[in-house]
A.B. asks: 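Following this message is one structure expressed as structure tokens.
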Amino acid sequence: MEKIGILTGGGDCPGLNPVIRAVQRCAAREGWQVLGFRYGWKGVIENEFVILDSQAVSGILPKGGTILGTSRTNPYSKDGDVDRVKNTFTKNQLHALVAIGGEDTLGVANKLSKEGLPIVGVPKTIDNDLNCTDYTFGFDTALNVAMECIDRLHTTAESHNRVIVVEIMGRHAGWITLEAGIAGGADVILIPEIPIDINEVCDLIAGRHKRGKTFSIVAVSEGAQLAGQDVTQTQEKDAFGHVRLGGIGNTLAKMIEEKTGFETRVTVLGHIQRGGSPTAFDRVLGTRFGVKAIELVKNRKFGCMVSLNGRKIEAVQLEEALGSLKLVPQDYYNTAKVFFG
Ligand code: F6P
């Protein structure tokens with residue numbers, strides 16, 4: 001029986017389980033057995049896996065997170081780990097591996113594929129910052145959670161005549177903040193792609209209050225920079241060299257309170273945005289990506305990644321999708337700006 005592997009790497013997100021389920025279902029139709037590697041590349045390095053039969057994927061469609069577990073393990077950061085990955089392929093006679101992840105996990109997939117390993121990629125991230133795909137699953141769920149939180153913050157901000165700064169995930173891309181801000185009617189939206197002008201922010205808030213509004217909601221991305229600098233929780237870096245962003249909400253709130261005199265509070269949404277059940281959009285996208293991934297394996301289209309182009313699921317070269325991030329363009333931000341203040 002042919003065997004194929006599957007792994008989920010990087011930050012978890014809603015929609016991973018629908019991909020795993022679709023991959024298992026389609027692989028079974030081909031008569032292939034699926035080995036589910038535990039905790040991303042770590043499981044491949046250590047040859048730790050579970051057999052995914054139809055029973056193992058039953059009932060997982062609506063579940064958030066990943067039944068396989070995940071980690072930010074990078075086989076290229078430790079001597080010998082790439083050889084261990086290769087051994088796992090040989091030992092299990094893997095016909096192919098489906099790697100589900102963001103830029104880091106897929107970056108590893110791309111490198112290994114160039115070394116001759118049969119890998120296809122499936123893009124995931126709540127940040128929606130991967131090139132060559134209109135959307136990644138996880139984003140829609142995170143966006144809807146963030147929007148609902150902004151709705152909730154409105155009622156309490158209004159009752160107390162407060163400014164509330166809401167800090168939203170997304171790393172160096174402002175997609176979640178921008179779209180949750182538009183959908184939730186935030187009064188100011190600040191994203192990493194556009195430098196913050198604190199005077200402009202305070203003028204917008206003061207202007208609202210002059211017009212008789214008694215509260216304001218400021219949506220800020222965790223990756224928005226102050227004076228050209230990231231605001232970080234620690235200087236420690238993960239295996240892919242990323243620092244942990246966070247804290248801009250508090251810094252900004254202090255500045256706003258000092259400059260405007262309005263009482264200001266902060267809400268950091270954090271991992272709430274990544275948890276819980278996927279939306280219908282993310283379940284469908286994950287399912288379609290999983291089905292396409294097996295089609296790519298069947299056609300030996302290794303080194304490719306599945307992608308969403310308009311309404312179509314297509315394949316692109318992993319290489320094309322990596323290397324730079326998909327960021328919010330200025331004209332999209334300008335649309336949001338119409339509603340500021
Ligand atoms: O990439 C997804 C993401 O949720 C980012 O938006 C965020 O910066 C990061 O992961 C948080 O990572 P961790 O779960 O390791 O704290």
Side-chain angles (χ1 to χ4, degrees), residues 8-23 61-62 64-66 70 98-107 109 120-148 168-184 189 191-193 219 221 223 269 273-293 295-296 304-318 320-329 331-333 335-336:
T8 53
D12 74 321
C13 77
L16 287 165
N17 287 328
V19 184
I20 296 169
R21 172 177 171 267
V23 164
L61 179 67
T66 159
T70 186
V98 177
I100 314 170
E103 49 153 349
D104 298 329
T105 303
L106 296 183
V120 302
V122 175
K124 71 87 224 187
T125 166
I126 63 163
D127 304 338
N128 200 37
D129 58 357
L130 269 169
N131 270 312
C132 297
T133 185
D134 291 349
Y135 287 102
T136 46
F137 60 83
F139 170 69
D140 187 66
T141 308
L143 168 62
N144 278 285
V145 170
M147 178 194 74
E148 195 201 326
I168 297 176
M169 277 187 172
R171 208 167 254 167
H172 299 294
W175 295 106
I176 313 176
T177 310
L178 184 81
E179 295 204 349
I182 293 173
I189 302 172
I191 61 173
E193 292 85 344
S221 294
L269 298 188
Q273 296 159 100
R274 265 188 14 213
S277 189
T279 57
F281 182 89
D282 284 339
R283 294 182 200 192
V284 173
L285 185 59
T287 299
R288 294 182 75 198
F289 275 177
V291 171
K292 184 72 177 180
E295 185 192 305
L296 296 186
C304 282
M305 175 187 101
V306 302
S307 79
L308 178 70
N309 180 2
R311 296 181 70 86
K312 285 199 201 121
I313 304 292
E314 297 182 340
V316 295
Q317 292 296 319
L318 271 166
E320 258 183 81
L322 303 164
S324 66
L325 293 177
K326 181 179 71 187
L327 299 175
V328 173
D331 63 334
Y332 193 6
Y333 187 71
T335 302

A.B. asks: Could you list the residues that satisfy side-chain hydrogen bond (donor to acceptor under 3.5 Å, both in side chains) with Arg21, not counting sequence neighbours?
C.D. replies: none
A.B. asks: Does some side-chain heavy atom of His172 sit less than 4.5 Å from a side-chain heavy atom of Asp129?
C.D. replies: no
A.B. asks: So Thr105 and Ile100, side-chain contact (heavy atoms from CB on, under 4.5 Å) or not? Walk me through it.
C.D. replies: CA-CA 7 Å; Thr105 303; Ile100 314 170; over 6 Å; no
A.B. asks: Is it the case that the side chain of Thr125 and the backbone of Asp127 share a donor-acceptor pair, with hydrogens and angles ignored and the cut-off at 3.5 Å?
C.D. replies: yes
A.B. asks: Against Ile176, only a single residue in Ile168, Val145, Leu269, Asp140 fulfils side chain to side chain contact (heavy atoms under 4.5 Å, CB included); can you say which?
C.D. replies: Ile168
A.B. asks: Walk me through whether Phe281 and Thr141 qualify under side-chain contact (heavy atoms from CB on, under 4.5 Å).
C.D. replies: CA-CA 8 Å; Phe281 182 89; Thr141 308; over 6 Å; no
A.B. asks: For Lys124 and Cys13, which heavy atoms make the closest approach, and how far apart are they?
C.D. replies: CD-SG, 3.8 Å
A.B. asks: Side chains of Thr279 and Asn144: donor-acceptor distance under 3.5 Å anywhere?
C.D. replies: no
A.B. asks: Can you tell me if Asn131 uses its side chain to pair, donor with acceptor, with the backbone of Ser324 under 3.5 Å?
C.D. replies: yes
A.B. asks: Within the structure provided, determine whether Val98 and Ile20 are in side-chain contact (heavy-atom separation under 4.5 Å).
C.D. replies: no
A.B. asks: Pair Thr136, Leu308 - check side-chain contact (heavy atoms from CB on, under 4.5 Å), show working.
C.D. replies: CA-CA 8 Å; Thr136 46; Leu308 178 70; over 6 Å; no
A.B. asks: Among all residues two or more places apart in sequence or in another chain, which pass the ring-ring contact (aromatic ring centres under 6.0 Å, His included) test with Phe139?
C.D. replies: Tyr135
A.B. asks: Going by the rule ring-ring contact (aromatic ring centres under 6.0 Å, His included), which residues pair with Tyr332 if we only count those two or more places apart in sequence or in a different chain?
C.D. replies: none
A.B. asks: Hey, does Leu106 have a side-chain heavy atom less than 4.5 Å from the side chain of Leu130?
C.D. replies: yes
A.B. asks: Closest approach of Pro278 and Gly64, non-hydrogen atoms and distance?
C.D. replies: CD-N, 4.0 Å
A.B. asks: Verify side-chain contact (heavy atoms from CB on, under 4.5 Å) between Ile191 and Leu327, making sure each step is shown before the conclusion.
C.D. replies: CA-CA 10 Å; Ile191 61 173; Leu327 299 175; over 6 Å; no
A.B. asks: Judged by atom type as modelled, is there a donor-acceptor pair below 3.5 Å linking the side chain of Lys292 to the main-chain atoms of Ser307?
C.D. replies: no
